[in-house]
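Each remark here refers to the structure printed beneath this line.
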Amino acid sequence: MQFRTLARIDLSALAHNISVIAKLAPQSQLMAVVKANAYGHGLASVTPVLTAALAAADAAGVATLEEATTLRANGWQGRLMLLQGFANAQELDAAIELETEVVVHQHAQLELLAARADSFKQRVWVKLETGMNRLGFPADQLNAILQQLQQYTLGLMTHFAAADETDNPSVLAQISRFEAAVSEIDLPKTLANSAATINYPQAHADMVRCGLMLFGVSPLAQGCGADLGLRPVMRFSSRLLAVKKCQAGDLIGYNGTYSCPENMPIGVVAIGYGDGYPYLVSNRTGDKPAMLMLKGVKCPVVGRVSMDMLAIDLRPLETLGVQAEQGEEVILWGPELPVENLARSIGSIPYELLCGLTGRVNYQYHEDGAS
Ligand SMILES: *Cc1c(COP(=O)(O)O)cnc(C)c1O
């Protein structure tokens, strides 16, 4: 059967990216962050690769209990960290059942833990607020909290707001605040996400927590995964539904927002926001059009993206004398068409595009390394 929309997941690229991270942060353990369905790559299917690639001491990280359940159900027996912690007693009981490590960032969690003091055996990570103002305890409460938690195996963590920028003063300030609060305390520490793993080696500490990089995609404001030696794990593609010969002045798609400047071939591609392809790609012909790739040639999207399809200008193919036919594969993003560029051109981030794939997309997994 020929798939309509297809996300091909190259598991050998995932293993490669894990080795790239290990070279970047050789002194640190790696937590593979696989929340949001492994950044849209399919959590169940990437689990065996994580299991094979991560040494026993390394860990996986997820945001929710559902994700933790999926990982455990698919054979992940290693350390598992629940990055958002737990919000009530039921969630803590589920965390105990799943043997996850937890993050604590507010006092109510300390009371919940105290009520399960006999059954919670995993590490408790105390999250410090150092400048992002999302989750975490103020540094001046740290000693009292550690006192309260002394019966548990503990760790210390924080999270950066702007590690995607090099030499960013706010990151340097966050590192200093964390250091000032914890330098005297002999516990495992973790600060760095993917961006900090690349940009701030001084923040690698005992463990780096990488998500986006695992999937071969760059978290930085410029460039793409390949510039960092990473290999994109996902190739997202669809098919040409139809090829039309349009006349000068023909209007394309909903509300006729694109008018053909000349007689030209238009391709209709079976992809839309119902699959997770962003609507904001619509009508960007003026400045930076979003490009799709057919037969190795980039063609711009024209008019509005609709739920199930969109239109592309096939003139770049025609100019080369290449014929595109119905059924032809169209690359939306992947190794040859970095998702970072598409995200930038619409004011989004690659994280959102990858996580946004909907249940309508088919997945195929392979380990052949062919790109
Ligand atoms: C999601 C997340 C990460 C991973 O971030 P990337 O930018 O994808 O590497 C690390 N730490 C925490 C607390 C997170 O929530």
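Any value given below was found using the heavy atoms of this structure, including those in side chains, with hydrogens, waters and symmetry copies removed. In this chain, residues are counted from 1 in sequence order.
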Before you tell me yes or no, could you show the steps for Thr319 and Val297 under side-chain contact (heavy atoms from CB on, under 4.5 Å), namely the whole-Å CA-CA distance, both residues' side-chain angles and the distance that decides it to 0.1 Å? CA-CA 11 Å; Thr319 307; Val297 180; over 6 Å; no
Keeping the roles fixed (side chain from His16, backbone from Leu230), state whether a donor-acceptor pair exists under 3.5 Å. no
Nearest heavy-atom contact between Leu14 and Val233 is N-CG2, 3.6 Å
Is the closest side-chain donor-acceptor distance between Thr257 and Asn255 under 3.5 Å? no
Has the side chain of Thr130 got a donor or acceptor atom that lies under 3.5 Å from a matching backbone atom of Phe178? no
Taking atom CZ of Arg8 and atom CD of Gln364, what is their separation to the nearest 0.5 Å? 6.0 Å
Side chains of Pro350 and Ser218, heavy atoms from C-beta outward: is any pair under 4.5 Å? no
Check Arg177 with Glu129, please: is the shortest side-chain N to carboxylate O separation under 4.0 Å? no
Any side-chain heavy atom of Leu110 sitting closer than 4.5 Å to one from His107? yes
Quick one: does Gln109's side chain have a donor or acceptor within less than 3.5 Å of a partner on Phe86's backbone? yes
Looking at Pro261 and Arg315, what are the two nearest heavy atoms and their distance? CG-NH1, 3.7 Å
From CA spacing to verdict: side-chain contact (heavy atoms from CB on, under 4.5 Å), Ile271, Val330: CA-CA 10 Å; Ile271 186 80; Val330 183; over 6 Å; no
Cluster overlap Leu280 with Leu292, hydrophobic side-chain contacts below 4.5 Å: yes
Is there a donor-acceptor contact under 3.5 Å from the side chain of Asp164 to the main chain of Ala195? no
Leu187 with Leu149, same ILVMFWY side-chain cluster at under 4.5 Å: yes
Donor-acceptor contact below 3.5 Å, side chain Arg344 vs main chain Ala221: yes
More than 12 non-hydrogen atoms from neighbouring residues, nucleotides or ligands closer than 6.0 Å to CD on Gln106, yes or no? yes
Counting the benzene-type ring for Trp, do Tyr363 and His41 have ring centres under 6.0 Å apart? no
Between Thr100 and Arg72, does any side-chain donor sit less than 3.5 Å from a side-chain acceptor? no
Is the number of heavy atoms from other residues, nucleotides or ligands under 6.0 Å of Gln141 CD greater than 12? yes
Look at the side-chain heavy atoms of Ile, Leu, Val, Met, Phe, Trp and Tyr, link any pair under 4.5 Å apart, and say whether Leu220 and Ile346 land in one connected group. yes
Are His105 and Arg134 close enough that a side-chain donor and a side-chain acceptor fall under 3.5 Å? no
Is it the case that over 12 heavy atoms from other parts of the model lie below 6.0 angstrom from the CD atom of Glu262? yes
Say you draw a straight line from OG of Ser194 to CG of Leu214; how long is it, rounded to the nearest 0.5 Å? 6.5 Å
For Asn88, is the CG atom crowded, meaning more than 12 foreign heavy atoms sit under 6.0 Å from it? yes
Min side-chain heavy-atom separation Leu142-Ile185 under 4.5 Å: yes
My understanding is that only one of Glu367, Arg231, His366 makes a side chain to side chain donor-acceptor pair (under 3.5 Å) with Ser12; could you say which? Arg231
Which atom names give the shortest non-hydrogen contact between Pro278 and Leu353, and what distance separates them? CG-CD2, 3.6 Å
Counting heavy atoms not belonging to Met307, are there more than 12 under 6.0 Å from its CE? no
Donor-acceptor contact below 3.5 Å, side chain Arg239 vs main chain Gly327: yes
Residue Gln202 excluded, over 12 heavy atoms near CD under 6.0 Å: yes
What do the steps show when you test Thr64 against Lys35 for side-chain contact (heavy atoms from CB on, under 4.5 Å), and what is the final call? CA-CA 7 Å; Thr64 70; Lys35 58 195 177 184; over 6 Å; no
Hey, is the main chain of Asp308 close enough, under 3.5 Å, to the side chain of Tyr273 for a donor-acceptor pair? no
So Glu99 and Lys121, salt bridge (charged side-chain N to carboxylate O under 4.0 Å, His left out) or not? Walk me through it. CA-CA 8 Å; Glu99 301 189 345; Lys121 304 281 185 227; over 6 Å; no
Within the side chain of Ser28, is there an N or O that forms a donor-acceptor pair under 3.5 Å with the backbone of Ala205? yes
Any side-chain heavy-atom pair from Ser170 and Phe160 closer than 4.5 angstrom? no
Look at the side-chain heavy atoms of Ile, Leu, Val, Met, Phe, Trp and Tyr, link any pair under 4.5 Å apart, and say whether Val281 and Val268 land in one connected group. no
Applying the side-chain contact (heavy atoms from CB on, under 4.5 Å) criterion to Val102, which one of Trp125, Phe120, Tyr152 satisfies it? Phe120
Should the pair Trp333 and Tyr277 be assigned to parallel (<30°), tilted (30 to 60°) or perpendicular (>60°) ring geometry? parallel
Asn193 versus Thr197, closest heavy-atom pair with distance: O-OG1, 2.7 Å
Exercise: identify the closest heavy-atom pair between Ala95 and Leu82: CB-CD2, 4.2 Å
Nearest atoms (heavy-atom pairs only) where Phe236 meets Thr5: CE1-CB, 4.4 Å
Under 4.0 Å between a Lys/Arg side-chain N and an Asp/Glu carboxylate O for Asp250 and Lys244? no
Would you check if Leu251 and Tyr258 make a side-chain contact, meaning some heavy-atom pair closer than 4.5 Å? no
Quick one: do Val124 and Leu135 end up in the same hydrophobic cluster if we chain Ile, Leu, Val, Met, Phe, Trp and Tyr together by side-chain heavy atoms under 4.5 Å apart? no
Output for pair (Asp275 CG, Leu6 CG), nearest 0.5 Å, gives 11.5 Å
Could you measure the distance from the CG atom of Leu342 to the CG atom of Leu332? Nearest 0.5 Å is fine. 9.0 Å
Rounding to 0.5 Å, atoms CG (Leu98) and CG (Leu71) come to a distance of 10.0 Å
Apply side-chain contact (heavy atoms from CB on, under 4.5 Å) to residues Gln29 and Arg79 and explain how you reach the verdict. CA-CA 12 Å; Gln29 294 188 337; Arg79 291 173 53 197; 3.1 Å; yes
If only atom types and distance count, is the side chain of Asp58 paired as donor or acceptor with the main-chain N or O of Met31 below 3.5 Å? no
Given side chains that start at C-beta, do those of Asp313 and Cys299 come closer than 4.5 Å, heavy atoms only? no
When rounded to the nearest 0.5 angstrom, what is the spacing between CD1 in Ile266 and CD in Gln247? 11.5 Å
Kindly indicate whether the side chain of Leu50, heavy atoms from C-beta on, has any atom under 4.5 Å from the side chain of Ile18. yes
Just wondering, do Met234 and Val217 contact through their side chains at under 4.5 Å, heavy atoms? no
Short side-chain to backbone donor-acceptor contact, Glu329 and Ser237, under 3.5 Å: no
